[in-house]
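Single-structure report; data block below.
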Amino acid sequence: MPANEDEMQILDQWSNRLAQALQILDLKVDHDLLLDLARKSADSVTHAAAPVTTFMVGYAAGLEAGTGSAGTKEASTASVAKAAEVAFQLCEDGPDAGPASKGWADTAQ
């Protein structure tokens, strides 16, 4: 996690620039959630798990938000939270625990 306010400001500016370049102008990134998830997965699994975990959570959230009530900011935010919850639980279970007993498909309702 960035150590100070300056780093968070730089991260916010970077996220805004990247969102514009990717043409996802209405995206609001929950930096605290993603940084916490990256830290937790790096600590629980291996350092390289951090970017992979955050990517996969974003991908799963995008797929989830693309179905049902697609297109709303609320749906996107809820999808990220749900996918992050699954990833946090896997981190708690540890790297060798096997598949989660309650995975993404089980929580998508």
Contacts of Thr77 that satisfy side-chain contact (heavy atoms from CB on, under 4.5 Å) - sequence neighbours left out: none
Any residue meeting side-chain contact (heavy atoms from CB on, under 4.5 Å) with Ala50, in chain and number order, not counting sequence neighbours: Ala38, Ser41, Ala42
All side-chain contact (heavy atoms from CB on, under 4.5 Å) counterparts of Asn16, not counting sequence neighbours: Asp12
Gln9 CD to Gln13 CD distance, which is reported to the nearest 0.5 Å: 5.0 Å
Exercise: identify the closest heavy-atom pair between Val29 and Leu27: CG2-CD2, 3.8 Å
Any residue meeting side chain to side chain donor-acceptor pair (under 3.5 Å) with Gln20, in chain and number order, not counting sequence neighbours: none
Close side-chain approach of Leu35 and Met8, heavy atoms under 4.5 Å: yes
With sequence neighbours excluded, residues passing side-chain contact (heavy atoms from CB on, under 4.5 Å) with Leu18: Trp14, Leu22
Common cluster, Leu63/Phe55, ILVMFWY with side-chain heavy-atom separation under 4.5 Å: yes
Partner residues of Asp43 under the salt bridge (charged side-chain N to carboxylate O under 4.0 Å, His left out) criterion, sequence neighbours left out: Arg39
Side chain to side chain contact (heavy atoms under 4.5 Å, CB included) between Asp30 and Val80, worked out: CA-CA 9 Å; Asp30 186 342; Val80 169; 5.7 Å; no
same_hphob_cluster(Leu34, Ile10) at 4.5 Å side-chain heavy-atom cutoff: no
Trace of the side chain to side chain contact (heavy atoms under 4.5 Å, CB included) decision for Leu90 with Thr53: CA-CA 10 Å; Leu90 282 177; Thr53 302; over 6 Å; no
Connected via hydrophobic side-chain network under 4.5 Å: Leu33 and Val57: yes
